[in-house]
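A short worksheet on the structure shown next.
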Amino acid sequence: MKPYDQGGKDAEDIFFRYGDMLYRIAVVMLGSSYDAEDVVQDTLIRYMEHRKAFQDKSHEKAWLVRVTVNLCKNRLLFAGRHPQVELSELAGYSEEKADGHLMECLMKLSFTYRAVLLLYYVMGYSLRETAQLLRTTEAAAKKRLERGRKKFREIMEQEGVTKHDG
């Protein structure tokens, strides 16, 4: 298979192409815009250090998403061991009130469920791709989706959020 020609892309090109997507992933996973900015920056640094050619654009994108998710996991593990700040700055991230309520509910889920719901429903990855990005089996990802949906519904009911709020 011929390697994907990156066409001399540098971190700036990658940032303009994928930066917003990576930032949104990191904000949802971390709940902090400051931490999300750091993770995106670290992801771009890893990209510059990465010297292997990608197979194609989707391989490049998947690599960037995986690095972002892993860096978020690392940051959360560190924060769990060294608690310092609150995670809930995301409420103001959404412009629409209903979306803000949904994001608040999403942020109340554990990282495991938040990650799988984000990748599958928001980012549009297939179950197989979601499992690969989270480095788990398809069966585990499917079970997390099922449990995550249930917990998300429970939180929405507790918060009084309906599909028609806004």
Side-chain angles (χ1 to χ4, degrees), residues 1-79 87 89-96 98-100 102-107 109-149 151-152:
M1 177 185 292
K2 183 179 175 184
Y4 165 60
D5 179 22
Q6 297 175 26
K9 284 190 278 188
D10 60 7
E12 186 176 0
D13 295 331
I14 293 302
F15 177 75
F16 285 119
R17 179 176 287 163
Y18 301 112
D20 188 50
M21 174 196 66
L22 298 175
Y23 176 76
R24 283 184 277 137
I25 291 169
V27 165
V28 170
M29 295 182 109
L30 298 172
S32 165
S33 61
Y34 301 112
D35 288 341
E37 290 171 1
D38 288 344
V39 165
V40 171
Q41 201 169 43
D42 291 345
T43 300
L44 293 174
I45 289 169
R46 299 266 170 105
Y47 178 84
M48 290 186 298
E49 293 172 347
H50 184 73
R51 297 291 182 215
K52 294 163 65 175
F54 295 101
Q55 296 168 358
D56 53 28
K57 284 184 181 181
S58 65
H59 180 229
E60 179 180 65
K61 179 181 176 183
W63 186 90
L64 289 163
V65 170
R66 181 177 291 137
V67 169
T68 300
V69 168
N70 288 339
L71 289 172
C72 288
K73 285 181 182 179
N74 293 346
R75 194 169 282 264
L76 288 171
L77 285 171
F78 180 84
L87 284 178
E89 180 188 310
L90 188 61
Y93 181 71
S94 175
E95 292 179 13
E96 293 189 29
D99 289 344
L102 292 175
M103 293 305 288
E104 286 175 18
C105 292
L106 185 64
M107 291 308 298
L109 291 171
S110 69
F111 175 82
T112 301
Y113 299 131
R114 204 171 37 215
V116 73
L117 291 173
L118 172 75
L119 291 172
Y120 187 78
Y121 288 109
V122 178
M123 300 303 300
Y125 284 103
S126 70
L127 185 60
R128 172 178 279 149
E129 293 168 328
T130 298
Q132 289 172 342
L133 290 168
L134 295 175
R135 295 192 177 183
T136 189
T137 64
E138 282 186 60
K142 187 174 183 179
K143 195 62 164 173
R144 288 179 190 176
L145 273 173
E146 178 185 320
R147 290 177 179 161
R149 282 190 300 259
K151 289 188 180 290
F152 186 68

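Numbers here simply count residues along the sequence, with the first being 1. Computation of the quantities below employed the complete heavy-atom set of this structure, encompassing side-chain atoms and omitting hydrogens, waters and symmetry-equivalent molecules.
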Side chain proximity check, [X] to [Y], heavy atoms < 4.5 angstrom:
X: Ile45; Y: Met48; value: yes
X: Tyr120; Y: Ser126; value: no
X: Arg46; Y: Trp63; value: yes
X: Leu44; Y: Glu12; value: no
X: Thr68; Y: Val40; value: no

Is the count of non-hydrogen atoms from other residues, nucleotides or ligands lying under 6.0 Å from Lys151 atom NZ greater than 12?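 No, because the 6.0 Å sphere around NZ of Lys151 holds 12 heavy atoms or fewer from other groups.
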Supply the atom-to-atom distance [X] [atom1] to [Y] [atom2], rounded to the nearest 0.5 angstrom.
X: Leu71; Y: Thr43; atom1: CG; atom2: OG1; result: 4.5 Å
X: Glu37; Y: Ser32; atom1: CD; atom2: OG; result: 8.0 Å
X: Asn70; Y: Asp42; atom1: CG; atom2: CG; result: 12.5 Å
X: Gln41; Y: Phe15; atom1: CD; atom2: CZ; result: 9.5 Å

When you check the gap from the basic side-chain N to the acidic O, do Asp13 and Arg17 get nearer than 4.0 Å?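 No salt bridge links Asp13 with Arg17.
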Exercise: identify the closest heavy-atom pair between [X] and [Y]:
X: Val39; Y: Cys72; value: CG1-SG, 4.0 Å
X: Ala115; Y: Leu134; value: CB-CD2, 4.0 Å
X: Val116; Y: Ala141; value: CG2-O, 3.8 Å
X: Tyr23; Y: Ser33; value: OH-CB, 3.1 Å

Please enumerate all residues that pass side chain to side chain donor-acceptor pair (under 3.5 Å) together with Arg149, with sequence neighbours excluded.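 Side chain to side chain donor-acceptor pair (under 3.5 Å) list for Arg149, sorted by chain: Tyr121.
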Do any pairs count as a salt bridge (charged side-chain N to carboxylate O under 4.0 Å, His left out) and have a residue in residues 135-144, sequence neighbours left out, and if so which ones?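 Non-adjacent pairs meeting salt bridge (charged side-chain N to carboxylate O under 4.0 Å, His left out): Arg128-Glu138, Lys143-Glu146.
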Passes side-chain hydrogen bond (donor to acceptor under 3.5 Å, both in side chains), Gln132 versus Tyr125? Steps please. CA-CA 10 Å; Gln132 289 172 342; Tyr125 284 103; over 6 Å; no
Checking Arg75 against Met29 for the side-chain contact (heavy atoms from CB on, under 4.5 Å) test, could you report, in this order, the C-alpha distance in whole Å, the side-chain angles of both residues, the deciding distance, and whether it holds? CA-CA 10 Å; Arg75 194 169 282 264; Met29 295 182 109; over 6 Å; no
Counting N and O atoms only, with roles assigned by atom type, does the side chain of Arg114 sit under 3.5 Å from a partner on the main chain of Val28, one being a donor and the other an acceptor? yes
Going by side chain to side chain contact (heavy atoms under 4.5 Å, CB included), Leu118 matches just one of Ile25, Val69, Leu109. Which one? Ile25
Quick one: sort the Phe54 and Tyr47 rings into parallel, tilted or perpendicular, breaks at 30° and 60°.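 Phe54 and Tyr47: parallel rings.
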